[in-house]
2 protein chains.
Amino acid sequence: MTALEILKQHEIKKTPARMSMIQVLQSGQYPMSENEIKEHMANLYDRVTFYRNVQTLSNAGIIHKIVADNTTVRYALNCCEIEHNHTAEHAHFYCKNCHEVVCLNQIKIPAYDLPKGYKFVDCDVIIKGTCEKCNQ
Amino acid sequence: MTALEILKQHEIKKTPARMSMIQVLQSGQYPMSENEIKEHMANLYDRVTFYRNVQTLSNAGIIHKIVADNTTVRYALNCCEIEHNHTAEHAHFYCKNCHEVVCLNQIKIPAYDLPKGYKFVDCDVIIKGTCEKCNQ
DNA sequence: ATTCAAATGAAACAATGTTGCAAAGATAAT
DNA sequence: ATTATCTTTGCAACATTGTTTCATTTGAAT
């Protein structure tokens with residue numbers, strides 16, 4: 001799915017900054033931090049615009065934030081929603097050593113039973129430890 | 001368990017700031033933000049000291065951070081470790097409406113199977129939605 | 001009591017996130 | 001095409017959150 005198609009599907013206006021943000025996230029293999037995204041966006045990056053588009057795109061469900069240990073927030077496309085029509089999201093792994101974040105596509109997030117009166121919307125699962133590379 | 005006992009058990013020096021932090025967290029029913037803790041610590045609160053003790057206490061496993069949506073970090077005692085000798089941690093619930101965080105003691109965090117080479121240390125589960133009060 | 005490492009608090013800094021507002025760009029109607 | 005309207009952008013200024021440095025104080029062990 002192209003960046004343009006994604007925006008159209010969510011009825012969000014196509015702008016250079018948004019197109020670029022989505023394309024950069026598509027090109028990366030891992031959830032990316034603001035700085036990583038910024039580097040790839042070059043002249044299309046402006047801090048305020050970035051934060052505002054994070055808002056817009058994440059409200060639309062196009063991207064989501066992943067906050068591992070604080071304080072590096074990472075952003076990723078909601079690939080699941082696109083691939084298997086938004087049923088199960090997956091868990092993420094945070095390496096305490098190299099601080100990278102990877103998607104654990106195998107680990108799906110179950111449907112939790114909440115106490116009476118609570119309504120489920122979303123769920124984040126961050127598994128922390130040390131990654132393959134760091135354990136060698 | 002008293003604050004003093006907790007510190008002794010972890011071989012961490014007793015200081016007024018640490019004692020107060022732990023006592024404040026014990027008195028609250030929910031994971032508390034820095035500002036909530038600050039209010040209850042009164043004159044014992046200093047920002048730098050607070051952040052340093054968050055480091056110390058969380059390295060020791062006495063407290064942990066809970067980051068829901070960013071950017072309000074909350075802190076809670078690792079009650080599980082104390083109550084049922086650190087087997088299963090529990091999930092947390094974040095209300096998108098009132099922004100409160102509550103412990104979901106019923107929902108234990110399972111032992112996830114990680115890919116080869118990865119080592120598990122910790123896991124955060126944040127379930128998001130709307131809470132009892134907000135759904136009325 | 002003396003000693004020595006660890007903890008504190010103040011100031012300064014750095015990074016992260018937000019708000020207000022004027023200019024630029026897109027949309028729709030005439 | 002031209003105007004009117006709404007959204008998005010980019011800048012400046014601000015607010016909040018977290019860190020570093022360093023002199024001073026404190027805790028606890030001898």
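Treat the numbers as computed from the prediction; the structure is a model and nothing was measured. Lettering of chains follows the sequences in order, A, B, ..., and the numbering in each one begins at 1.
With sequence neighbours excluded, the residues that form a ring-ring contact (aromatic ring centres under 6.0 Å, His included) with Y75(A) are F50(A). Partners of K133(B) by salt bridge (Lys or Arg N to Asp or Glu O under 4.0 Å), not counting sequence neighbours, listed by chain and number: E100(B). Applying the side chain to side chain donor-acceptor pair (under 3.5 Å) criterion to T15(A), with sequence neighbours excluded, gives no partner residue. The side chain to side chain contact (heavy atoms under 4.5 Å, CB included) test applied to T72(A) returns no partner, not counting sequence neighbours. Under the ring-ring contact (aromatic ring centres under 6.0 Å, His included) criterion, H40(B) pairs with no residue, sequence neighbours left out. In terms of the side chain to side chain contact (heavy atoms under 4.5 Å, CB included) criterion, residue partners of N35(A) (sequence neighbours excluded) are, by chain and number, S33(A), K38(A).
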Are there any protein N/O atoms within less than 3.5 Å of an N/O atom in nucleotides 14-20 of chain D, and if so, which ones and at what distance?
from, atom 1, to, atom 2, distance (Å)
dG18(D), OP1, N70(A), ND2, 3.1
dG18(D), OP2, Y51(B), OH, 2.5
dG18(D), N7, R47(B), NH1, 3.1
dG18(D), N7, R47(B), NH2, 3.1
dG18(D), O6, R47(B), NH2, 3.1

Hey, what are the protein-to-nucleotides 5-8 of chain D N/O distances that come in under 3.5 Å?
from, atom 1, to, atom 2, distance (Å)
dT8(D), OP1, R18(A), NH1, 3.2
dT8(D), OP1, R18(A), NH2, 3.1
dT8(D), O5', R18(A), NH2, 3.3

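Toward the 5' end of DNA chain D, the nearer of the two residues P16(B) and L44(A), judged by each one's closest nucleotide, is L44(A).
Rounded to whole Å, atom C1' of dA7(C) lies 15 Å from atom CG of N59(B). Summarising the geometry, the separation between NZ on K38(A) and C1' on dG17(C) is reported as 14 Å, rounded to the nearest angstrom. If you take CG of D46(B) and P of dA11(C), they are 11 Å apart, rounded to a whole angstrom. The nearest whole Å value for the distance from the CE atom in M19(A) to the C1' atom in dT9(D) is 17 Å. Across the protein-nucleic acid pair, Y45(A) atom OH and dT9(D) atom P stand 14 Å apart, rounded to whole Å. The interatomic distance linking K14(B) (NZ) with dA29(D) (C1') rounds to 16 Å, in whole Å. Counting to the nearest Å, the P atom of dA7(C) and the CG atom of L57(B) are 10 Å from each other. The CG atom of N43(B) sits 12 Å away from the P atom of dA10(C) (whole-angstrom rounding).
Rounded to 10 degrees, the angle separating the terminal axes of the helix from dA1(C)-dT30(D) to dT30(C)-dA1(D) is 30°, with each axis obtained from five end pairs.
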Test side chain to side chain contact (heavy atoms under 4.5 Å, CB included) on M21(B) and V54(B) and set out the steps.
CA-CA 9 Å; M21(B) 268 180 74; V54(B) 162; 4.0 Å; yes

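I126(B) forms part of a hydrophobic cluster together with I66(B), Y94(B), V101(B), judged by ILVMFWY side-chain heavy-atom separations under 4.5 Å.
Pairs of residues two or more places apart, or lying in two chains, that qualify as ring pair (Phe, Tyr, Trp, His ring centres under 6.0 Å) and include a residue from residues 101-121 of chain B are F93(A)-Y118(B). Identified under the side chain to side chain donor-acceptor pair (under 3.5 Å) test for residues 53-67 of chain A, with sequence neighbours left out: R18(A)-N53(A), H64(A)-N78(A).
Tested against I63(A), the residues I6(A), L25(A), I22(A) include a single side-chain contact (heavy atoms from CB on, under 4.5 Å) partner, L25(A).
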